[in-house]
Each structure stands twice: as C-alpha cells, then as structure tokens.
Amino acid sequence: MSEAKTVLILPGDGIGPEIVSEAEKVLRLANDKFQLGLELEHALIGGAAIDAHGVPYPDETHAKAEQADAILLGAVGGPKWDELDTAIRPEKGLLAIRSRLELFGNLRPAILYPQLADASSLKPEIVAGLDILIVRELTGGIYFGQPRGVHNNEQGEREGFNTYRYAESEILRIGRLAFESAMKRNKRVCSVDKANVLEVTVLWREVMEELAKEYPEVELSHMYVDNAAMQLVREPKQFDVIVTGNMFGDILSDEAAMLTGSIGMLPSASLDKNSKGLYEPCHGSAPDIAGQGIANPLATILSVAMLLRYSLGAGEAAAAIEQAVSQVLDQNLRTADIFSEGMQRVSTADMGKAVVAAL
Ligand code: IPM
Ligand code: MG
C-alpha cells in the first residue's frame with residue numbers, strides 16, 4: 001500500500017474501553033496478517049472527554065477524526081454525566097462527530113445468527129434467517145432541526161419545541177444509499193414515514209418515488225412508522241432494506257436489533273459521501289455492567305469488519321473476521337448476554353482472545 005491509512009479509535013465510556021480493547025487486538029492482527037499497513041490512533045469522546053477537557057467532542061479529537069480514513073467507536077454516556085445540560089452531555093459528542101463529519105448514512109444490520117436462534121424473544125419460525133438492513137438518516141431531521149429549545153411562551157408557560165425538517169438533497173442521498181444497498185441484497189426497499197400527518201415526510205415519500213425510477217430492479221414500498229413498528233414484530237422477514245429518517249430510525253433500529261435477541265452482536269456503520277466512516281456497536285455504554293469484564297465484544301469486533309470492508313476496501317480481511325466470529329459461536333463460547341443452557345460462559349477478554357485465535 002503506497003500511503004498509510006489511519007484508523008482513529010475512540011473507546012468512550014462505560015463498557016466502551018473494554019470492548020474496544022478486544023476489537024483493537026483483532027484489528028491489529030488483521031492489519032499484520034493481511035498487510036493492510038494501517039496506523040492506529042486514539043482520542044477521547046463523550047464522558048471521558050468531558051472529564052479531561054470539559055467538552056464531549058474536543059477540537060483535538062475532531063482534528064484527528066478529520067485526518068483519519070475510518071473511526072472505531074465504543075460507546076458514550078453514563079449516569080455520572082446525566083445531570084449535565086443536554087448541550088454538553090456525552091451524547092452530544094456522538095451527535096457532533098456525526099454531524100461535523102457529515103456521516104449521514106447509518107447502516108444498521110439486524111441479523112439473526114443461526115447459533116443464537118433461541119436468544120430471540122420471538123418464536124424461532126418468525127425470526128429464523130432474519131437479515132434486515134436499516135438505513136437511517138443520521139445528520140438531519142428532528143435531531144438537528146432549528147429552531148429548538150425551551151422558552152416561556154406568550155401565555156407565560158414553559159414550552160419545548162424541536163423542528164423536523166429535511167431538504168430534498170438530504171432525502172436523495174440517504175435514499176440513494178438505501179437503493180444501492182438493496183441492489184447488493186434482495187432488491188427491496190421499504191421507506192418508513194408518517195406521511196399521513198407530517199409534511200416533511202410527504203416530501204420524503206415523493207423523493208423516494210422519484211429516485212425509484214433510477215432503480216427499476218428495486219421494489220419500493222412505503223409504510224407509516226407505527227405500522228412498521230408493528231410489522232417488525234409481526235412478520236420481520238417481510239423486510240429487506242428499511243430506509244427512514246433520524247428519529248424513526250433510532251427507534252426502529254433498537255426494535256430490529258432486539259428481534260435477534262442479541263443486540264450485543266450487531267455492528268453499525270455511519271458513512272459520509274466518500275465512504276469514510278464511523279463504526280460502532282449498535283448497543284450503548286451499558287454503565288450497569290461496565291468494568292466487570294462481562295460485556296460482549298463481538299458487536300465491536302464485527303464493526304471492525306464493516307470498517308475494513310466499507311472504508312478501507314479490505315473485504316478479504318473483513319470476511320476473515322466475520323468467519324472467526326462465527327467460529328467462536330460454533331465453539332459454544334458465549335458472553336453473559338447471549339448465554340444459554342449447555343454453552344460455555346466466557347468473559348469479554350476470553351471472547352476477544354478466542355476471536356484472535358480463530359483468526
Ligand atoms: C443511537 C443512540 C444515539 C442516537 C444517542 C446516544 C444520541 O441512541 O446511536 O442510536 O439517538 O442516535
Ligand atoms: Mg438509539
């Protein structure tokens with residue numbers, strides 16, 4: 001490789017540092033084994049950055065993030081920082097890096113690993129073979145719309161408000177990512193909106209219809225978000241790719257992840273227009289189990305695989321990591337979150353070690 005590529009590692013808070021440390025070992029091994037020539041850097045985000053610098057996304061972290069070719073993140077947040085104003089909470093660090101790097105395209109796969117079919121709270125026949133991709137818009141919508149705030153209204157009453165807005169170009173680029181993703185899968189896109197009530201999603205629906213003309217092979221359908229929430233538990237396998245806005249995607253992706261019974265297994269990617277990306281597990285910082293060495297590092301390890309595939313063009317290394325994860329599941333190794341009768345319960349570090357050994 002002519003020029004070294006850089007991966008920035010942001011462990012964050014809670015279980016973040018524990019799971020990222022295992023994922024980093026896997027990344028280092030893949031780097032050697034496949035001669036990827038990657039350089040690894042580290043920086044602070046979230047509560048850890050608040051403690052050190054008073055802000056959740058320091059300029060120094062942003063400078064490194066801008067330089068990096070890809071970013072691996074653990075998780076942010078925890079009760080320690082819950083009393084802080086929303087403007088400087090750890091979560092704001094995550095929103096800031098997404099927004100400042102324009103990581104608009106959030107891919108959240110919900111896959112049921114055959115080895116974990118019993119872990120779902122749904123009947124096995126409903127979820128067996130489940131493989132859905134949620135494409136969530138990540139830098140717009142009600143999360144970022146202005147104006148926003150809490151003020152005293154004309155009646156002297158406190159009033160909170162947020163703005164739900166999408167420009168056509170924002171809808172187009174996330175739509176395109178969804179259609180392109182569907183082309184590599186089962187060629188079905190379900191666009192989720194609330195077009196019976198919210199004008200912004202009437203536009204969303206229109207833009208998706210226009211875009212669909214460019215992808216004649218892809219079947220586009222539309223669903224209201226309340227119905228989509230219901231259909232996801234009723235018959236989840238009807239979906240291939242779901243594309244939706246920031247807030248609906250936040251909610252539906254948690255629901256979809258839980259269908260698999262193993263949120264500790266699910267990676268995610270947040271991409272900019274050049275496929276530079278931030279990769280993180282779908283789960284949060286789980287402060288209740290932080291420091292106990294029982295968290296599942298597999299979602300973060302699988303995020304490393306996504307990172308290699310989408311941002312560094314190292315598909316072979318990515319596939320090898322995914323294969324190694326499948327192998328440790330075949331060896332019946334389970335962290336507490338996916339443990340069941342007859343399996344071998346292992347720690348975060350032992351799970352990491354097993355993946356390294358398999359790789
Ligand atoms: C997620 C999280 C974040 C979000 C929070 C931590 C800001 O829930 O990544 O889904 O709402 O986007
Ligand atoms: Mg969420």
Side-chain angles (χ1 to χ4, degrees), residues 10-17 19-20 44-50 55-57 61 65 71-110 132-145 148 162-164 166 170 174 177 192 225 228-229 232 242-260 262-272 277-288 290 295-296 299-300 302-303 306-307:
L10 305 173
D13 311 317
I15 59 171
I19 52 178
V20 163
L44 298 173
I45 195 165
I50 294 174
V55 286
Y57 187 53
T61 302
I71 300 158
L72 179 69
L73 184 132
V76 298
K80 183 176 173 194
W81 306 280
D82 272 354
E83 299 304 311
L84 293 175
D85 196 82
T86 49
I88 51 162
R89 281 170 62 115
E91 290 80 355
K92 205 72 189 181
L94 189 55
L95 296 174
I97 190 170
R98 288 173 179 170
S99 158
R100 292 183 64 187
L101 296 180
E102 285 194 67
L103 304 169
F104 67 89
N106 186 208
L107 306 179
R108 296 193 165 182
I132 301 175
L133 179 67
I134 297 192
V135 179
R136 169 189 176 194
E137 200 291 327
L138 203 57
T139 52
I142 197 165
Y143 270 50
F144 291 93
R148 63 191 295 158
N162 289 85
T163 302
Y164 190 4
Y166 271 117
E170 292 175 290
I174 193 69
L177 182 62
V192 170
V225 63
L232 267 173
I242 291 177
V243 63
T244 190
N246 207 340
M247 185 163 72
F248 297 162
D250 179 44
I251 299 166
L252 294 181
S253 63
D254 263 26
E255 188 187 4
M258 204 55 223
L259 293 177
T260 70
S262 47
I263 191 163
M265 298 291 303
L266 299 175
S268 76
S270 307
L271 306 173
D272 77 357
L278 170 80
Y279 299 80
E280 56 181 318
C282 274
H283 59 71
S285 60
D288 52 324
N296 187 346
T300 317
L302 290 165
S303 298
M306 275 186 117
L307 177 153

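We count ligands from 1, going down the list as the structure has it; atoms in each ligand are counted the same way.
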Item to check | Minimum-distance pair of heavy atoms, taken over all atoms of G93 and Y57 | outcome: CA-CB, 3.9 Å
Checklist entry - What's the shortest heavy-atom distance between I263 and T260, and which atoms? => result N-OG1, 4.3 Å
Name the closest protein heavy atom to [atom], giving the residue it belongs to and the distance to 0.1 Å.
atom: atom 6 (C) of ligand 1; result: E91 CG, 3.7 Å
atom: atom 1 (C) of ligand 1; result: R108 NH2, 3.3 Å
atom: atom 2 (C) of ligand 1; result: D250 OD1, 4.0 Å

Checklist entry - Between the side chain of R89 and the main-chain N/O of D82, is any donor-acceptor distance below 3.5 Å? => result yes
Checklist entry - Donor-acceptor pair, D13 side chain versus G47 backbone, under 3.5 Å? => result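 Between the backbone of G47 and the side chain of D13 there is a qualifying donor-acceptor contact (under 3.5 Å).
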Item to check | Side-chain donor-acceptor contact under 3.5 Å, E255 with S253 | outcome: no
Checklist entry - Where do L103 and I71 land on the side chain to side chain contact (heavy atoms under 4.5 Å, CB included) test, with the steps shown first? => result CA-CA 11 Å; L103 304 169; I71 300 158; 5.5 Å; no
Item to check | D254 near the Mg ion (ligand 2) via N/O/S, less than 2.8 Å | outcome: no
Item to check | Contact check, M247 vs ligand 1, heavy-atom distance below 4.0 Å | outcome: no
Next on the checklist: Looking only at N, O or S atoms, which one in D250 sits nearest to the Mg ion (ligand 2)?
Outcome noted: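 So the atom name we want here is OD1.
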Next on the checklist: Heavy-atom pairs closer than 4.0 Å: do any link ligand 1 to the side chain of R98, the backbone, both, or neither?
Outcome noted: side chain
Next on the checklist: Within the 4.0 Å heavy-atom shell around Y143, which atoms of ligand 1 are there?
Outcome noted: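 It comes down to these atoms of ligand 1: 4 (C), 11 (O), 12 (O).
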Checklist entry - For ligand 1, which atoms have a heavy atom of R136 less than 4.0 angstrom away? => result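 It comes down to these atoms of ligand 1: 1 (C), 4 (C), 9 (O), 10 (O), 11 (O), 12 (O).
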Checklist entry - Which value, rounded to the nearest 0.5 Å, describes the distance between N296 atom CG and L266 atom CG? => result 10.0 Å
